[in-house]
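Read through the structure below, which is laid out as structure tokens, and then see the notes.
From a predicted model like this one, the values you see are computed outputs, not experimental measurements. FYI, the numbering just counts along the sequence from 1.
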Amino acid sequence: MSLHIAAKNGDVAEKVLLPGDPIRAKYIAENFLENFRCYTDIRGMYGFTGVYHGCHVSVQGTGMGMPSFSIYASELINSYGAKELIRVGTCGAISNDLDLKDVLLVTGASSDSNMVKKRFDYINFAPVADFSLLKKASEIANQKEVKVVAGTVFTSDFFYWDNSEKESKLLESYGIKALDMETAELYILAQQNGIKALSMLSVSDHITSKRFIAPEERVSAFAQMIELALDTIVAT
């Protein structure tokens, strides 16, 4: 048992999906996993382990933002031996290459976070995805005829801030596809600990065109991405 996850040794699988919303973790377990059980509900941050196509897989809520994400991912890696992590979340698109409900396979992440700066001082570290997971996800998406786009994100500590429109235009001009709040930390932790990680994001809103998915539509869009993430993680 760690400080924030009430699991015992052996309760957590080596392969883990990481949604930010703990209710989405519950949704994934109930709709995609067989013989699942809840191994933690501390602070309402659910974690489950079950079976998908004969392979043990866990799903753990992480909360929003890099600080919250880092707590859960670090404990999964260091206390429970997680070896493969796929973040399954949402993003705000800033590129016209992405439309609502599209799936973004994140190749790397820029960031404004002090969590990055405090680690590396004057070095501009570039956290990137594990290539084997990225390649497998792309292959499976092609087989299933699921539209995916590969590209970079900007992981920010801000959700609301006054300079967002100007910043989004600048980032888009350098080829960044979308904004999120967790991916950079996932990739840093994975590279630090020598494990595999991929961030797979469903476009919930398009920031530059000011469009968004209605809440009732998000479940179906999210479900397609979850199936792709599960097929990917059990195939590697």
Side-chain angles (χ1 to χ4, degrees), residues 2-5 7 12-20 47 57-91 103-141 148-158 171 174-202 225 228-236:
S2 62
L3 288 175
H4 302 90
I5 300 174
V12 181
E14 291 187 353
K15 300 171 183 285
V16 188
L17 298 192
L18 301 171
V57 177
S58 293
V59 53
Q60 174 66 57
T62 65
M64 293 179 65
M66 287 176 61
S68 180
F69 181 92
S70 187
I71 289 171
Y72 292 97
S74 294
E75 292 185 12
L76 288 169
I77 295 166
N78 296 314
S79 298
Y80 300 104
K83 302 296 184 187
E84 295 184 38
L85 304 177
I86 296 184
R87 165 165 151 67
V88 284
T90 58
C91 64
V103 176
L104 176 63
L105 304 179
V106 183
T107 58
S110 301
S111 182
D112 60 6
S113 176
N114 279 327
M115 292 184 70
V116 180
K117 296 172 185 176
K118 285 184 177 180
R119 279 185 175 102
F120 298 103
D121 194 14
Y122 64 92
I123 297 170
N124 291 317
F125 183 74
V128 297
D130 174 77
F131 180 72
S132 64
L133 283 174
L134 181 67
K135 182 172 181 287
K136 182 56 67 175
S138 178
E139 291 172 347
I140 293 172
V148 296
V149 175
T152 57
V153 298
F154 183 74
T155 300
S156 181
D157 283 342
F158 290 97
L171 295 171
Y174 279 83
I176 289 175
K177 304 295 186 187
L179 311 181
D180 90 327
M181 299 183 70
E182 294 83 20
T183 296
E185 182 66 5
L186 168 63
Y187 288 173
I188 289 171
L189 288 173
Q191 291 177 252
Q192 179 186 29
N193 290 280
I195 67 168
K196 296 180 178 182
L198 177 64
S199 184
M200 190 179 294
L201 307 175
S202 178
M225 178 182 65
L228 176 60
L230 284 167
D231 288 340
T232 299
I233 206 166
V234 301
T236 56

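In terms of the side-chain hydrogen bond (donor to acceptor under 3.5 Å, both in side chains) criterion, residue partners of Thr155 (sequence neighbours excluded) are, by chain and number, Asp180. Looking at residues two or more places apart in sequence or on another chain, you find a side-chain contact (heavy atoms from CB on, under 4.5 Å) between Thr62 and Leu18, Phe69, Tyr72. Shown here are the side-chain contact (heavy atoms from CB on, under 4.5 Å) partners of Ala82, two or more places apart in sequence or in another chain: Val16, Leu76, Leu85. Among residues two or more places apart in sequence or in another chain, the side-chain hydrogen bond (donor to acceptor under 3.5 Å, both in side chains) test is passed with Asp231 by Tyr52, Lys144. For Lys83, there are no salt bridge (charged side-chain N to carboxylate O under 4.0 Å, His left out) partners two or more places apart in sequence or in a different chain. Considering only residues two or more places apart in sequence or on other chains, Lys117 meets the salt bridge (charged side-chain N to carboxylate O under 4.0 Å, His left out) condition with none of them. Looking at residues two or more places apart in sequence or on another chain, you find a side-chain contact (heavy atoms from CB on, under 4.5 Å) between Ala141 and Val146, Val148, Leu228. Listed by chain and residue number, nothing satisfies the side-chain hydrogen bond (donor to acceptor under 3.5 Å, both in side chains) test with Thr152 (two or more places apart in sequence, or in another chain). Considering only residues two or more places apart in sequence or on other chains, Phe125 meets the ring pair (Phe, Tyr, Trp, His ring centres under 6.0 Å) condition with Phe120. Not a single salt bridge (charged side-chain N to carboxylate O under 4.0 Å, His left out) links Glu75 to another residue, sequence neighbours left out. Every side-chain hydrogen bond (donor to acceptor under 3.5 Å, both in side chains) that Asp112 has, sequence neighbours left out, goes to Ser156.
Side-chain contact between Leu105 and Ser138: present, with at least one pair of heavy atoms (C-beta onward) separated by less than 4.5 Å.
We find the OG1-CE distance between Thr232 and Met225 to be 11.5 Å, quoted to the nearest 0.5 Å. The structure places OH of Tyr80 at 13.0 Å from OG of Ser74, a figure rounded to the nearest 0.5 Å.
The closest donor-acceptor contact from the side chain of Lys15 to the backbone of Ile233 lies under 3.5 Å. Between the side chain of Glu182 and the backbone N or O of Gly65 there is at least one donor-acceptor pair closer than 3.5 Å.
Ion pairing of Arg119 with Glu185 is present here, as a side-chain N (NZ or NE/NH1/NH2) and a carboxylate O approach within less than 4.0 Å.
Nearest heavy atom pair, residue Cys91 against residue Ala178, reads SG-CB, 3.8 Å.
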Determine all donor-acceptor pairs shorter than 3.5 Å in which one atom belongs to a side chain in residues 188-202; sequence neighbours excluded.
residue: Gln191; atom: OE1; partner: Val128; partner atom: N; Å: 2.8
residue: Asn193; atom: ND2; partner: Leu189; partner atom: O; Å: 2.8
residue: Ser199; atom: OG; partner: Thr183; partner atom: OG1; Å: 2.7

